[in-house]
Amino acid sequence: MQTSCLIDGTFVPARSGRTFVVHNPATDAVIAHVADGDASDARAAIDAAARAFPAWKNAAAIERAKPLRRLAELMLRDVERLTDLCSQECGKPLAEARVEVAYAASFLEWYAEEGKRVYGETIPASDPGKRLLVLRQPSGVAAAITPWNFPIAMVTRKMGPALAAGCTQVVKPAEQTPLSALAIAELSIEAGFPAGVFNVITGLDAPAITDTFFDGLTVRHVSFTGSTEVGRILLAKSAANVVRVSLELGGHAPFIVFNDADLDKAVVGAMASKFRNAGQTCVCANRFLVQRGVHDEFVKRLTIAVAALKVGDGRAPGTQVGPLVDDAGIRKAEAHVADALAHGAQVTTGGARVTVPGGTNRFMAPTVLSGVTPTMLCFREETFGPIAPVCAFDTESDALAIANGTPYGLAAYLFTADGARIMRMVEALQYGIVGVNDALPATAQAPFGGVKHSGLGREGGHHGIEEYLDLKYVSWRIS
Ligand code: NAP
């Protein structure tokens, strides 16, 4: 298991010699002691990335594609090892971690191809003596700050487009889950990336490490996935050197079920969206809005399905819901349940912590709350836990008003059989992603990202690579 930072093609301990402990949130078992890098390590990584940039930028896209595709293959070769590591670090069930590895590899594979399609343009000039061209060039060193909830996929979703575009990169993973990023780093060497093209700095002092991304002109792009609170801090810091930032921030997804929806499909979708990773995904349904005619039946069916979920250590056979990642996470989930109950909601299943033999006290019973109103905490804030609050609504415009009545705008879900309503709702929902009768919209070839407080920029698809490219307009007088 790799525990050192990757700088300039070599794994090195932190210059300070310090390490920090990574725990399994299910058991508190120590997984590893990892290099506690600081600003000086980050600067060394940025310098290495800057040295590697000219050659990497000038390599043909077809050559840059080779190690990217090879890395995807190596990740799939090592899928079981990566799956186990991911599950240990962040607590998610093995089946989900396995899906994450494949999802993560898909970004490398897809961008290996997309890098070959970074085309320029010619523009017809008004002056016949001129030729007008637009070049799209890699912007320079890119930095990435990733969260713990998808410790593998959030690295490759940034690495794929950055490296395919011709940028070099420094990644700072979350302190709870540095080992997954280091495992990718180790495979990146085997995949054949030149030294300095991809670097990983692990460490506890995120502000100090990431300040180095903004304190000069070398890093030209910072991609962040995490909370809105930290996203705002980074956006403010980016102003000093006018560094471009992409922000994938918090969500507060409405999951809207109309009377004419296929309820079986809506419940299956609700389960997949809400309880994946114990509800700790930015696009997971956070608020269920169900039209009055099917409300009671939806709650009944959802309650039966949720009550059957198996809670446990993510690495134990059959586990469907693992622990929350830390104590703050479970306290927040409990607070949302307590607030809802205090204001008149009812628990139809779950509602409290679950004891798992040999486990920590971070396991929350998958919960359904009915009788929820939009003023309750769980309808105002992202819960990031396995709580499904259900609110009844009467009309399409009521649903829309509740759905849009939030500063967040990442993902929204819609279950209905009415085509005209689908189009009206899709156009009116203030969200970056809308799943129509589909609870799992994320895929490498489509643009992922939010509006309002959910972020800036997009990851995935041909849109994702644009974040790493600068346009250069050339006006060429030829006569
Ligand atoms: P977080 O606290 O914002 O942490 C995310 C990353 O930022 C970690 O690497 C963290 O490092 C670093 N960080 C923390 N404070 C920082 C600071 N002051 N300056 C610079 N970096 C800092 O988020 P989280 O609690 O781990 O993740 C959950 C949030 O992420 C949720 O709101 C969720 O919705 C959002 N999320 C969004 C997406 C999306 O695509 N939109 C995807 C996944 C998650 P340390 O770990 O070392 O503190």
Side-chain angles (χ1 to χ4, degrees), residues 1-7 11-14 18-25 31-39 41-42 44-46 48-49 71 75 81-92 97 100-101 103-105 107-108 141-160 162-163 168-189 193 197-213 219 222-227 230-231 234 246-249 277 280-282 325-326 459:
M1 185 185 301
Q2 187 51 251
T3 57
S4 295
C5 297
L6 175 61
I7 301 176
F11 285 97
V12 290
R18 286 194 306 265
T19 59
F20 66 99
V21 177
V22 181
H23 291 104
N24 180 333
I31 309 171
H33 293 79
V34 172
D36 185 10
D38 59 19
D41 300 291
I46 292 167
L71 180 57
M75 288 176 66
R81 181 173 68 85
L82 294 172
T83 294
D84 189 57
L85 194 56
C86 175
S87 176
Q88 277 193 70
E89 281 195 306
C90 77
K92 68 176 61 175
E100 180 177 343
V101 175
Y103 178 57
F107 285 99
L108 302 171
V141 174
I145 306 168
T146 57
W148 48 264
N149 61 346
F150 286 88
I152 301 181
M154 293 305 102
V155 172
T156 58
R157 194 160 80 174
K158 299 177 190 311
M159 180 184 188
L163 271 49
T168 53
Q169 195 170 42
V170 178
V171 176
K172 205 295 291 174
E175 65 191 57
Q176 292 99 330
T177 58
L179 295 164
S180 297
L182 291 174
I184 295 171
E186 207 168 16
L187 291 176
S188 78
I189 302 288
F193 287 100
V197 167
F198 182 69
N199 307 270
V200 176
I201 296 293
T202 53
L204 286 179
D205 192 346
I209 292 170
T210 59
D211 275 357
T212 63
F213 300 163
V219 174
V222 176
S223 176
F224 169 74
T225 297
S227 60
V230 173
L234 300 176
S246 306
L247 303 173
E248 302 286 348
L249 308 178
N277 203 12
Q280 303 168 111
T281 76
C282 52
V325 76
D326 56 23
E459 293 188 313

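- Residues Ala183 and Leu82 come closest through the heavy atom pair CB-CD2, 3.6 Å.
- Summarising the geometry, atom CG belonging to Leu234 is positioned 11.5 Å from atom OG belonging to Ser246; distances are rounded to the nearest 0.5 Å.
- At least one side-chain heavy atom of Met159 sits under 4.5 Å from a side-chain heavy atom of Phe193.
- For the pair Lys92 and Phe150, the cation-pi test (distance below 6.0 Å, angle within 45°) is passed.
- Here the side chains of Ser4 and Val12 are not in contact, with every heavy-atom distance at 4.5 Å or above.
- Each of Thr177, Ile152, Val155 was compared with Thr146 under the side chain to side chain contact (heavy atoms under 4.5 Å, CB included) criterion, and only Val155 meets it.
- In this structure, Thr212 contributes its side chain and Ile209 its backbone to a donor-acceptor pair below 3.5 Å.
- One finds the CG atom of Asn24 at 12.5 Å from the CD atom of Gln176 (value rounded to the nearest 0.5 Å).
- Nearest heavy-atom pair across Ala49 and Thr168 is O-OG1, 2.8 Å.
- The minimum heavy-atom distance between Ser180 and Cys86, with the atom names listed, is OG-CA, 3.9 Å.
- Between the CD atom of Glu186 and the CZ atom of Phe11 there is a distance of 5.5 Å, given to the nearest 0.5 Å.
- With rounding to the nearest 0.5 angstrom, the CD atom of Gln88 is 11.5 Å from the OG1 atom of Thr83.
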(request) Kindly determine whether Leu179 and Val22 satisfy side chain to side chain contact (heavy atoms under 4.5 Å, CB included), including the steps that lead there. (result) CA-CA 8 Å; Leu179 295 164; Val22 181; 4.1 Å; yes
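- When every heavy atom of Ala48 is checked against every heavy atom of Asn199, the shortest pair comes out as CB-OD1, 4.0 Å.
- Side-chain atoms of Ser223 and Lys158 include a donor-acceptor pair closer than 3.5 Å.
- Contact check for Ile189 versus Leu6: side-chain heavy atoms found under the 4.5 Å cut-off.
- To the nearest 0.5 angstrom, Ile184 atom CD1 is 6.5 Å from Phe198 atom CZ.
- Residues forming a ring pair (Phe, Tyr, Trp, His ring centres under 6.0 Å) with Phe213 (at least two apart in sequence, or on another chain): none.
- A distance-only check finds no donor-acceptor pair linking the side chain of Gln2 to the backbone of Ala185 [under 3.5 Å].
- Looking only at side-chain heavy atoms (C-beta outward), Met154 and Glu248 stay at 4.5 Å or farther from each other.
- In this structure, Met75 CE and Leu71 CG are separated by 6.0 Å, a value rounded to the nearest 0.5 Å.
- A heavy-atom distance below 4.5 Å is not found between the side chains of Asn149 and Cys90.
- Across every non-hydrogen atom of Phe20 and Ala35, the tightest pair is CE2-O, 3.3 Å.
- Screening Asp205, Asp36, Asp41 for a salt bridge (charged side-chain N to carboxylate O under 4.0 Å, His left out) involving Arg18 leaves a single residue, Asp36.
- The minimum heavy-atom distance between Met1 and Leu85, with the atom names listed, is CE-CD1, 4.1 Å.
- With Ile7 as the fixed residue, the side chain to side chain contact (heavy atoms under 4.5 Å, CB included) test singles out one of Val170, Ile46, Ile201, Val200: Ile201.
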